[in-house]
Structure formats: structure tokens, C-alpha cells
**Student:** 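Next up is a structure, given as C-alpha cells.
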Amino acid sequence: MMDADGRPRQPYSNYHEWYSQQDPSLLAAKSKEAEHIFRKTGITFNVYGHAESAEKLIPFDIVPRIISGQEWRRLAQGIEQRVLALNSFLYDIYHKQEIIRAGRIPRQLISNNEAFLPEMIGVRPPGGVYTHIVGTDIVRTGENEFYVLEDNARTPSGVSYMLENRETMLQMFPELFHQNKVQRVEDYPYLLRQSLQSLAPPGCDGTPRVAILTPGMYNSAYYEHSFLADMMGVELVEGSDLRVIDGKVKMRTTRGYQAIDVLYRRVDDEFLDPLTFNPESCLGVPGIMDVYRAGNITIANAPGTGISDDKAIYSYMPEIVEFYTGRKPLLENVPTWRCSEAESLAYVLDHLAELVVKEVHGSGGYGMLVGPAASKQELEDFRAKLKARPGNYIAQPTLSLSTVPVLVENGIAPRHVDLRPYVLVGDKVKIIPGGLTRVALKEGSLVVNSSQGGGTKDTWVLED
Amino acid sequence: MLGRTADGLYWMFRYIERAENIARLVDAGLRVAMTLSGASDEDWDGVLQSAGVRAAYNSRHGRLTTADAVDFLLRDTSNPSSVLSCIEQGRSNARMVRTALTRDTWEAMNECWIDLKARLAKPLKAKELPDVIHTIKQRTGLIRGAFHGSMLRNEIYHFASIGTYTERADNTSRILDVKYYVLLPSVSHVGTSVDNVQWESILRSVSAHRSYGWVYDGGYRAANIADFLILNAQMPRSLAHCYEKIVGDLAHLEADYGTRLKAHDTADEIYATLKSRNVRDIIDQGLHEFLEDFIRKNNQLGLEISEGYRFYI
């Protein structure tokens, strides 16, 4: 919130003035109130492996993270460039593979990758769009200095928190929204629906019917699935509701079977179609891939998009962006050592205590090593793992992440954050001004994942 | 609407209704135990039968005691019809059909679950029971209130409503069937205090001991009690009232969908019987037989609705 001279940074100036007039005990009470609102609304996530009291709240911090309009515009341009490159990359990888022929990325990176689906070769999704909803994880290291941590191009979650966090702030601190001109995020469900409908299959006549496919209420993100379906006014379906009839995917309604044109699926590729992928899956729809290949349904995001946000691919993103857009990337990649390469591995092993090491195919903050925070034993254990399967890991330096203020017991204190803005790709690209700010609530911690004790806060992009 | 959603709504409202009915039954049971001198724990036998869990109780507890029966009915999750089980199921269904519910209805359900889960977490002391029973009735009432006050009168509303009244009709008919013999003229000793307690207990299980007095002036009479609970459509827990509602909801669905199903005929037929019979005939021709037949047809209707509206397949 403050600059080096101890003055509030410009976007925070209004907020800082308001904050300095507040009674700290009242703010603490507001914080409790927020928790109550979340609990009552049922905004919870499920933790796997906990039978009892399996629904948890993600801690919510009532101090907003504030970004100036000018800073946001630059960020948004960079994200748009990156998302367009991702879609071009996916089209290319499942068609001519020109980027490989041009020698810009190694062939085995694709052919040996589980996220690459041979079933998608030659398939052209409606509108040529593969990744319709992207959540690009960003960290800020200084004024106008942003790094992309991850491109979540499969089924990024968390957008319900962006919306509920804003709703909660509007309820609790209406006066703040009079004093600060905050750009709207509330249109997201409407924009999402519009965006999905704009990419209906060519044969669809009339208003395209959209549905959300959820693995069911025991999935960790079930609340979000039902929330989005409710806000968009579309059906929330499970695999057991769907069946392929006459070459269309149809849902069982009280009036009989009705066709679905666009399926926003929150089920992983592997479980989408037991006839094509995992035969054990009960979460998907037998035969949906045939309907898809015949061009009779839009699946968002397209199967096989995982090949673009894989951590091994990530390190090639600067090349990928340049190859398809013809321009230098506007957003930085975090420098990344690919442990599959002997030289890099040697460097990583030498500097383990300074680096963050991640599993190539991991997600959710599991199975990673944060060097500076690790014990000697942990470092040694990880060293052994690295030597055993170097190809399974990448390593990155720990960035000096910017901090934002959070409310703690005695006032406010700085904590590290990241930012996940949400991008919709339909007939146009739309970036919602705001996003999900995740915050590492433990002092000094860099891990923001909710499964690892992270929290969230409202993210304001100011008009200016 | 998805068939699965219709199913989820129907059962969500059956479970909420059941939770409330069980609370009323326990309330009535406690009252008997308190007021009847020489009351024995055996009086819980009828309550457990009315709740349809007599056999389940036996496999869980050896002896019949007030404490065990109350615990089994209110908070034992191995009993699928305990209040706690019903609230868990109702809330779980509500999560499944979340998109069909207004925020008000969902929050009322969710808060009911949060509150009752905490209240029923530990074994209850006798002195806590009145307050707990009050809370159960109040919480389920809040769900109903939010539902009536905020939901569109569309198919969602009608499936939920059919669930509520199917469960209620089942409940009222079971209460009567378990105690039908105390309503028969041959064994009733008119005016004895034992009878009065039994009769009042029946009325109390459907929260009708006061309204009865307004409708049928004078004291308790077996035939009047049967009439009130079976045929009097003014009485919100009577079979006639339940079927007036069910037939109305089904008629809305018929008009909305433009399709008449087997379930419509079944419901109309049951309703026609309730409108045309009088209580003397019913008692003369066999109250028990009448109730048994009703329970069977009420179940049959539930099956026909789930098939006709594709709840499962």
C-alpha cells in the first residue's frame, strides 16, 4: 500500500484515508461478519480426504487489492496477446505443427506429453477456439512489472470467489465504492454465457442451449459450478443426465431429452468420454467425442487444451508468443530451468536452496519445493527425487513478489499475493477488470494455494 | 428442468417435511410421557411405528426407553428418518438442485443445517428438548416461508410442493393407522382420561389440538378426530388438504407441459375418494383397511410421478 517514502501509493490513496479513520476493532468485527456471510451462503470448497466437516471456507481478507487503470491496461494487453497465442498454438499443434517444423519447440515435448490428445488431431473446434476460459496466473514484482506464473487454459477455477468477494465487499463497505471508482466484475456470468453462445456449432439454429457439466457435488469446486449455472441461467448437468441420441448430446429433462449446443465442462479430459478416454469414468458422456468430431457440439474448453498450459511447455511461451503473434511478449515469463536438460539440472542441484521446484504435471501447490523455506532434510529428499526423475521437474527463482496489505490481529501487515484475471475467448477476447487475488496468509510465505493455507481478497481495478 | 433436479427437489421437500413431522411426533410422545400417570416407556412404541422406524430401533437398542427413543428419532444418523439425517439429506439435495432454488430458500436450508447440526451434535438432556424441538419446527418453517415467499410458481415450485404434501399425507395416515384402534367405537371408553390423553396425543402429533376445538365444538370424539385428519380440507395436515394441493400442482404441470400422465389419474382418483366419503362409512367399513389402502396408493403415486417425469431414467 505504501511506497518507499512511507506515503500511500496512488491507487491506494483514497482507501488509505478511509482506513486511517476506521476503528480497528470494528474492522475485526467486519472480518468476522464476512466469514459469517460466506458460511451462510455456502461458499465452500471440499477438501479431498476429509470425510467429516469436509466443507471448508477459504479465508477472506477485507482489505482490497487495488490496481490503477493505467497499470491494468498494460497488463490486459499482455494477457490478450498471450491468450491469442495459446489458441493459435493449439490449432497448430493439432494440425500442421509448424512450430515444431520450424524448430522452435522440440517434437518430443508434444509427442511424449500426456496432455496431448491424438484424438484431437485434425479436429477444428467451432470458431477455431480451443481455450474459451483462461485464468492467467500473474505476479507483480514492481510498478508495471508483471510475470506470468502459469497459463491455466483447461478449466481454471476460482471465478466465483472473484464475484462473491466483490458482492461481500459491496454489502459490507458500500461507502468505499462511492469514494473509489471501481470497474465492474459483476457482468462475468452474462459475458461468459454470451461468449459461449457465440461459438455454438454451425448446425445450431435458434438460441444456442448452454449447459455446465460438473463431476457432482463432491467435487472440490462444486459450489462454483452451481453458482455459475445459477448466475448464467443454464442447466448444471452431470454425466448421468446426458446421453448421445441421434448424433446430438441430449439431457434428460422432465419433458424428455433436449439437445445441448455448448457444453462448458468442468470435468477433466480423461473423464469426458469413457468410449474414447478412461473407460472407468462415470463422470462423462459415452460417445460425446464422436458428436464433437462431427461438429454437433461445442466443448469448452476443448479437449486437449492441457498441452498448452503444461509446465514443460510454459518455459517455451516466449517463443510461442513470438512465433504466432510476430511480436515480443508483452508479459515476462519467469526464468525457468528445465531439469530434463543436463546443464540446467546441474545448476538447479547447485542452487536448490534458492529455487522453487515444481512438478511438470502437478497443480494446486502439491509436490513443490520452496527452497528458501525448506529444511535441510527436505532439500536432500528433493535432491534425490530430482536425480531420479529430472524430466519430471522445472525450477524457477523465487521472485521478490510485491506485497499487499492484509488485516491481521494488530492492524495491517504485508503479505505476498498473486493475481488470476479471467479471460473469455468467444467471437472477441474479453478480460474482466479484476480477478482473483490469492494471498499467502502466513508471514513470509510465498504459497498462495487455498489447499496450502492461502486466502483471497477482492481485487479492484480503478477507472481513471 | 432436468429429471434429476425434479427428483432432488421432490426429495428435498419430503425430507424437510419429515424432519418437522418427526419433531412433532417426539413432542407429542414427550407430552404423553409427562401427563399420563403410570405412563410407561412402551408409549414410545406407537411413536416409533408412526415414524416407520420401529424395526430399525430394535436393531439398534435392546430396550425401549424414552431417552433412547428420543435420541434415535432426533439425532441418530444410522436412522435414515431421524431429524438429523433428514436435514443432512435435505441440505445435500438442496446443494444438488442449488440452481433451482432462490438464494433465500437455499440460505434458509443451509442455516437450518448449520444450526441443527450444532444443536444435535451431542446427546440431549431432557430439559433441552422443548427448545430443540421448537428450533426444528422454527427452522423448517423458515425454509417453507422463504420458499413460498420467493419462488416462482413454476414447475420447480410444483415438484417441491408435491414432495411436501406426499410426505405429509404419508405421515398423517401413519399416525392414524398406528392409533386407529383408539378411534374405534367398540373399544373406546368415552370420557375416560386415558382416551382423552390418547386422542389429544394424536391431535398434538399433527399440531391440531387447538384448531380441533374451533372446528368441532365440544370435547374429543373419535369420529370427529378421524374426520378432521382425513376428510376436512381446512385442516392443513389432513389427507384431503394434501390431495387438494397435489392435484392442483399436478394440474399446473399438465397445463404447462400439455401432457397428462398416469399419475394425474391416480391423484384424481384418490382425491375423489376423499371428497366423496364420509367418516361414518369409513369407520364402519374399516378404518385400518382404508388407511392401509391410502398409504399404498400414496406410494404408488410417488412412483408414477418419478417415472412420468423421468426422475431417474
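Here is how names work: the chains are called A, B, and so on, in the same order as the sequence lines, proteins then strands, and each is numbered from 1.
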**Student:** Under 4.5 Å from any heavy atom of chain A, what part of Asp256(B) do you find: side chain, backbone, both or neither?
**Tutor:**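 Both parts, backbone and side chain.
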**Student:** Which of parallel (below 30°), tilted (30 to 60°) and perpendicular (above 60°) describes Tyr222(A) and His225(A)?
**Tutor:**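 Rings of Tyr222(A) and His225(A): perpendicular, as their planes differ by over 60°.
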**Student:** Which region of Tyr312(B), side chain (C-beta onward) or backbone (N, CA, C, O), has a non-hydrogen atom less than 4.5 Å from a non-hydrogen atom of chain A, or is it both or neither?
**Tutor:** backbone
**Student:** Between Ser92(B) and chain A, which part of the residue has a heavy atom less than 4.5 Å away: side chain, backbone, both or neither?
**Tutor:** both
**Student:** Indicate yes or no for a side-chain donor-acceptor contact from Arg237(B) to the backbone of Thr172(B) under 3.5 Å, with no hydrogens or angles considered.
**Tutor:** no
**Student:** Can you tell which of Tyr309(B), Tyr257(B), Trp106(B) has the highest number of heavy-atom pairs within less than 4.5 Å of chain A?
**Tutor:** Tyr257(B)
**Student:** Just give me the residue among Glu107(B), Glu155(B), Arg98(B) that pairs up with chain A most often, heavy atom to heavy atom, under 4.5 Å.
**Tutor:** Glu107(B)
**Student:** Tell me, side chain or backbone of Glu111(B) under 4.5 Å from chain A's heavy atoms, or both, or neither?
**Tutor:**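 For Glu111(B), side-chain heavy atoms alone lie under 4.5 Å from chain A.
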**Student:** Side chain from CB out, backbone as N, CA, C, O: work out which of these in Gln258(A) comes under 4.5 Å of a heavy atom of chain B, or both, or neither.
**Tutor:** neither
**Student:** Any sub-3.5 Å donor-acceptor pair from Asn110(B)'s side-chain atoms to Lys40(A)'s backbone N or O?
**Tutor:** yes
**Student:** Pick one: which of Leu275(A), Val244(A), Thr276(A) meets side chain to side chain contact (heavy atoms under 4.5 Å, CB included) with Met289(A)?
**Tutor:**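 Going through Leu275(A), Val244(A), Thr276(A) one by one, the side chain to side chain contact (heavy atoms under 4.5 Å, CB included) with Met289(A) is satisfied by Thr276(A) alone.
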**Student:** Can you say whether Arg39(A) sits under 4.5 Å from chain B via the side chain, the backbone, both, or neither, judging by heavy atoms?
**Tutor:**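 Both backbone and side chain.
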**Student:** Are Tyr157(B) and His148(B) close enough that their ring centers fall under 6.0 Å?
**Tutor:** yes
**Student:** Hey, are Ser82(B) and Ser85(B) close enough side-chain-wise for a donor-acceptor pair under 3.5 Å?
**Tutor:** yes
**Student:** Would you check if there is a donor-acceptor pair between the side chains of Glu164(A) and Tyr223(A) at a distance under 3.5 Å?
**Tutor:** yes
**Student:** Given that the side chain runs from C-beta out, which part of Ile313(B) has a heavy atom under 4.5 Å from chain A: side chain, backbone, both or neither?
**Tutor:** backbone
**Student:** If you count every heavy atom of other residues, nucleotides or ligands that lies below 6.0 Å from Lys245(B) atom NZ, does the total exceed 12?
**Tutor:**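 Not buried by this count: 12 neighbours or fewer within 6.0 Å.
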**Student:** Out of Thr214(A), Val234(A), Asp230(A), which one racks up the most heavy-atom pairs below 4.5 Å with chain B?
**Tutor:** Asp230(A)
**Student:** Please state whether the side chain, the backbone, both or neither of Ile114(B) comes within less than 4.5 Å of a heavy atom of chain A.
**Tutor:** side chain
